[in-house]
Amino acid sequence: MCGGFTCSKNALTALNILYVVVGFILIAAAVYGRASALVTNLPIIGGILACGIFLILVSILGLFGAIQHNQVMLFFYMVILFLLLLVQFSVACACLAVNMDEQKQLAEQGWSRVNMQLKAEVQKTFSCCGFDDKIHAINDSMGHPECLKDPVCCPFGSPDDCRCTAPCMAKLQSTIDYAFKLCGGIGLFFSFTEFVGVWLTVRYRNQKDPRANPRAFL
């Protein structure tokens, strides 16, 4: 019977194995990003590593609790998973609710804090110059490196001082919006799996092992 003790145990075990795999994927992605210099922001890499390690630890707690039917382990696992559910669901809803103006404000704050090397990489990758339409201002408070020549904007035979003057925010808008929607969607999906995990844990804790002593307190 699917709603029985064995089914609940196997489902909870499989769910935690999935969390362990996801945790290792996060750790591998962070290590690969750092080794290949794809991500130069150390706090971001540290955050991804911390999330992966924390997810693995919580999953191990859930695995041992599910295999041994340990009431204490299952209780702490249920509480931690429920707190993660609340935080992740809130963050996912916030990501999906961010509008274009709020995205621009967040991007503007990020642009003002990063160094010139990262700004130069962004300008080179997206063939843009500066953050927004203030790039021609004499006193640009946002700041940006020298704008590179762009063969698309400056075809062969153009003057030497030809530069691509499209602001970066105009080209990053769709990318930023897609990133928010993607993070929100993934967050909602994992929130659903965490809700299933909490529900399975509550049901599993209240079930008795048919192979155990029927007089034992479970």
Side-chain angles (χ1 to χ4, degrees), residues 19 22-23 25-27 29-30 32-34 36-55 58 80-148 150 152-153 163-198:
Y19 286 155
V22 172
I25 291 176
L26 290 175
I27 294 175
Y32 174 75
R34 185 69 185 96
S36 61
L38 292 175
V39 181
T40 58
N41 195 317
L42 293 180
I44 292 179
I45 295 178
I48 296 175
L49 279 174
C51 289
I53 294 174
F54 182 74
L55 185 59
V58 174
I80 295 174
L81 200 63
F82 180 73
L83 294 177
L84 285 176
L85 167 64
L86 294 179
V87 173
Q88 195 159 354
F89 181 78
S90 301
V91 173
C93 292
C95 289
L96 294 175
V98 174
N99 55 37
M100 294 294 183
D101 293 334
E102 293 172 339
Q103 291 176 10
K104 183 176 180 180
Q105 292 177 2
L106 294 174
E108 186 174 352
Q109 294 176 4
W111 181 274
S112 62
R113 293 177 182 176
V114 299
N115 54 40
M116 289 295 179
Q117 180 180 359
L118 185 56
K119 292 179 182 179
E121 293 178 2
V122 173
Q123 291 185 163
K124 180 180 179 180
T125 302
F126 292 90
S127 298
C128 57
C129 182
F131 179 75
D132 53 15
D133 53 1
K134 300 178 182 178
I135 57 176
H136 298 295
I138 298 177
N139 297 322
D140 184 4
S141 59
M142 296 292 290
H144 61 85
E146 181 183 359
C147 301
L148 302 176
D150 187 356
V152 177
C153 301
R163 298 290 185 273
C164 183
T165 57
C168 291
M169 185 58 198
K171 296 192 173 184
L172 290 173
Q173 185 71 65
S174 60
T175 303
I176 295 174
D177 183 67
Y178 174 76
F180 271 100
K181 296 298 185 291
L182 180 63
C183 291
I186 294 177
L188 283 180
F189 172 75
F190 276 101
S191 298
F192 174 75
T193 63
E194 289 163 0
F195 173 79
V196 173
V198 172

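Hydrogens, waters and symmetry mates play no part in the numbers below; they use all other heavy atoms, side chains included.
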Heavy-atom side-chain proximity of K104 to I176 below 4.5 angstrom:
no
May I have the list of side-chain donor-acceptor pairs in residues 184-197 shorter than 3.5 Å, sequence neighbours left out?
{"residue": "S191", "atom": "OG", "partner": "F89", "partner atom": "N", "Å": "3.4"}
{"residue": "S191", "atom": "OG", "partner": "G187", "partner atom": "O", "Å": "2.7"}
{"residue": "T193", "atom": "OG1", "partner": "Y19", "partner atom": "OH", "Å": "3.1"}
{"residue": "T193", "atom": "OG1", "partner": "F190", "partner atom": "O", "Å": "2.7"}
{"residue": "E194", "atom": "OE1", "partner": "L85", "partner atom": "N", "Å": "3.4"}

Residues passing the side-chain hydrogen bond (donor to acceptor under 3.5 Å, both in side chains) test with E102, sequence neighbours excluded, are none
Quick note, side-chain hydrogen bond (donor to acceptor under 3.5 Å, both in side chains) partners involving residues 85-96, not counting sequence neighbours, are none
Rounded at 0.5 Å granularity, tell me how far CD in Q173 sits from CE in M169.
3.5 Å
Residue pairs meeting salt bridge (charged side-chain N to carboxylate O under 4.0 Å, His left out), one or both in residues 176-188, sequence neighbours left out, come to D177-K181
